[in-house]
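Notes to accompany the following structure.
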Amino acid sequence: MMSPRAGAPPPCPRAHSPNALAQLHAALAKSGLSTCSATPATAAAAARACTRLRDIRAGRAVHGASAKLALLSASTLLPNALLHLYASSPGEHHLHLARLLFDTMPDRDAASYNILLTALAARGHVAEALELFDEMPEPSVRSWTALIAGFAQSGSPADALRVFRDMELAGVAPNEVTIVAVFVACADVGDLETGRKVHAYARRRGYGKSNVLVCNAAIDMYVKCGCVDAARAVFDAMENGRTVVSWSAMICGHAMHGEGDKALELFAAMRGRGVPPNGVTFVGLLHACSHMGLVDQGRAFFQSMEKDHGIAPEIEHYGCMVDLLSRAGRLQEALEFINGMPMEPNSVVWGALLGGARLHMDVEVGEKAIRRLAVLDPGNDGYYVVLSNIYANAGRWEDVARVRRAMKLRGVKKTRGWSAISVGGAVHEFTAGDCAHPQVTAICETLDRLLGEARRRGYAPDTSVVLLDVDDGEKERVLARHSEKLAVAFGLMATPPGTTLRVMKNLRVCSDCHAMMKVISEIAGREIVVRDRNRFHCFKNGVCSCRDYW
DNA sequence: CTAGGGTTAG
């Protein structure tokens, strides 16, 4: 979307001074500070300026000059400033330099540790960051937060939450930055329990309404944990003004939960308040239109981006449009749209077309998409599985086998599907046909009882999703043990009547499980929320929030 | 002012 450098200061001219002192003065001049004398404080100010300007070259000059002028050993001030410079510069090389500097510093204080901790955690060096953390004398809130925030943002949310638990045990009170980071991690893994607990704490501390960043992170956390209504309550209660991020997060949240109408209403309200939308807002709107089948409305939004809001559509928006068109069955239009794109279509764009081809069982378009996907994202097994699905639907089993051979040839492994459900604070994971759970027998009995009742209510197994060329009885046996069914059956057994069941799945829910979930929600009188690979399904009284359009 | 924060299509 937006350039990551947007809002960053402009790069400054390079230093070309021949000697070190002159370079130091040049860097000082650039930082707008007095150049009368070089002291550790002025050099640290220069280093800080270089960090802000992202001018690593000038920073190295400051480092060199500081060494020559023997400014480095006076205090931790200057070494820390230089450590920060290297630690926050991109590339493993600079991180390595930071580590080297840290290891050879004559004195280290808490800030030295925190600077390096931040850099290690943010780049996903989990083990090294934890090791350093254990070595440091007195970790502060900021040290804990550096770990949690870094892990949450570098794709290690489970590590982030583990550290948070340790922080609680250590009796250190989280601040608003910690809270935001924990929300990010909860959103990622779908940990509603922790999210709720931290939200309650945030409210007690007074961040609940007044801190925009805390609120925005809470909105996203609730959305991604399957509680749009709770997200909306946070949004509605926001006192200190919502930003475009709040509006966009909520619009995306409604879209993700199949509440496209609410997403569009929110956009109208946003415009009414004069808040200018950004590119993310439109991703949410297009997503909403796509899941409601509002092709013309979506097209109108797409066109208004540039015309009315001066926002140039980016590849994400093209992706949404391809999804919108192909979901609605306009596969040829989608293909033409792709061909007219001003940028090179990526795997997501072709993936959206492939998804539409599956939905509308179009072998030809599916094959067209896979030809590009095999080049753009060759290791992704999902695309081959979808294509197999299209072939299986058409009864072309020799082609299904051909796809399987192609996968084998390319070393592409099919991802095992799993579903997880959290009961009483413990997460129970299931894979298809799983026999590892201690209560398998009871789970299977429950499931078979449900299956019998479901059949009496008109449910019939949808064997088309089973990609095995076996007889229907065998297909039904495979289907009946899909991981989400096991997770839900367990959830029904392990929770009191009426409790909402929340299931997380690593792949997309299959159409048979989708049908079954609807019936189960009716039989058991439960709300079942399933977090799919890319959206939510809320089953209640026999219907799904996606209105079977997904 | 030596460390940290929010939204994004399949």
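Every chain is numbered from 1, with letters handed out A, B, ... down the list of sequences.
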Item checked: Spacing of A:L324 atom CG relative to B:dT8 atom P, expressed in whole Å -> 19 Å
Checklist line | Where at least one partner belongs to residues 215-226 of chain A, residue pairs that pass salt bridge (charged side-chain N to carboxylate O under 4.0 Å, His left out), sequence neighbours excluded | finding: A:D220-A:K224
Margin query: Could you tell me how far apart A:F151 (CZ) and B:dG5 (P) are, to the nearest whole angstrom?
Written below: 15 Å
Next item on the list: Rounded to the nearest angstrom, tell me the gap between atom NE2 in A:H291 and atom C1' in B:dG10.
Entry: 9 Å
Margin query: Over all strands shown, is A:I315 touching base, sugar-phosphate only, or nothing at heavy-atom distances under 4.0 angstrom?
Written below: base
Notebook entry, point to check: What residue pairs, at least two apart or across chains, pass salt bridge (charged side-chain N to carboxylate O under 4.0 Å, His left out) with a residue in residues 261-289 of chain A?
Noted result: A:E259-A:K262
Margin query: From CE of A:M270 over to C1' of B:dT7, roughly how many Å is that when rounded to an integer?
Written below: 10 Å
Next item on the list: Hey, could you give me each pair passing salt bridge (charged side-chain N to carboxylate O under 4.0 Å, His left out) that has a residue in residues 132-151 of chain A? Not counting sequence neighbours.
Entry: none
Check: Is the distance between the ring centroids of A:W247 and A:F235 under 6.0 Å?
Finding: yes
Check: Is any side-chain N or O of A:H287 closer than 4.0 Å to OP1 or OP2 of B:dG10?
Finding: yes
Item checked: Pairs where residues 349-367 of chain A contributes a residue and the test salt bridge (charged side-chain N to carboxylate O under 4.0 Å, His left out) is met, not counting sequence neighbours -> A:E367-A:R396
Item checked: Closest listed nucleotide, where the reference is the side chain of A:Q153 and the choices are B:dG10, B:dT7, B:dG5 -> B:dG5
Checklist line | Length of the CD-C1' vector between A:E314 and B:dG10, whole Å | finding: 18 Å
Next item on the list: For the side chain of A:R508, starting at C-beta, report the closest nucleotide among B:dG4, B:dG10, B:dA9.
Entry: B:dG10
Margin query: Over all strands shown, is A:F183 touching base, sugar-phosphate only, or nothing at heavy-atom distances under 4.0 angstrom?
Written below: nothing
Checklist line | All pairs passing side chain to side chain donor-acceptor pair (under 3.5 Å) where residues 149-165 of chain A contributes a residue, at least two apart | finding: A:D159-A:R162
Next item on the list: Compare the minimum distances between each of B:dT8, B:dG5, B:dG10 and the side chain of A:R327, then state the nucleotide with the smallest one.
Entry: B:dG10
Notebook entry, point to check: Which part of the nucleic acid does A:T76 contact within heavy-atom distance under 4.0 Å: base, sugar-phosphate only, or nothing?
Noted result: nothing
Notebook entry, point to check: Between B:dT7, B:dG5, B:dG10, which nucleotide gets closest to the side-chain atoms of A:V214?
Noted result: B:dG5
Next item on the list: Select one nucleotide: of B:dG10, B:dT7, B:dG4, the one nearest the side-chain heavy atoms of A:T118.
Entry: B:dG4
Next item on the list: Give one of base, sugar-phosphate or nothing for A:L77, where a contact means two heavy atoms less than 4.0 Å apart.
Entry: base
Note to self: Measuring centre to centre across the rings, with the benzene-like ring taken for any Trp, is A:Y113 within less than 6.0 Å of A:F102?
What the structure shows: yes
Margin query: Within residues 172-181 of chain A, which residues have any heavy atom lying less than 4.0 Å from an atom of DNA chain B?
Written below: A:N175, A:E176, A:V177, A:V180
Notebook entry, point to check: How close or far is atom C1' of B:dT7 from atom NE2 of A:H254, stated in whole angstroms?
Noted result: 14 Å
Item checked: Interatomic distance where CE belongs to A:M321 and P belongs to B:dA9 [whole Å] -> 16 Å
Checklist line | Spacing between A:N211 atom CG and B:dT7 atom P, to the nearest angstrom | finding: 14 Å
Margin query: Taking the minimum atom-to-atom distance to the side chain of A:L213, which one of B:dG10, B:dG5, B:dG4 wins?
Written below: B:dG5
Margin query: One thing to verify: whether A:R508 and A:D532 come together as a salt bridge, which I'm taking to mean a side-chain N less than 4.0 angstrom from a carboxylate O.
Written below: yes
Margin query: Of the options B:dG4, B:dG10, B:dT7, whose atoms approach the side-chain atoms of A:V245 most closely?
Written below: B:dT7
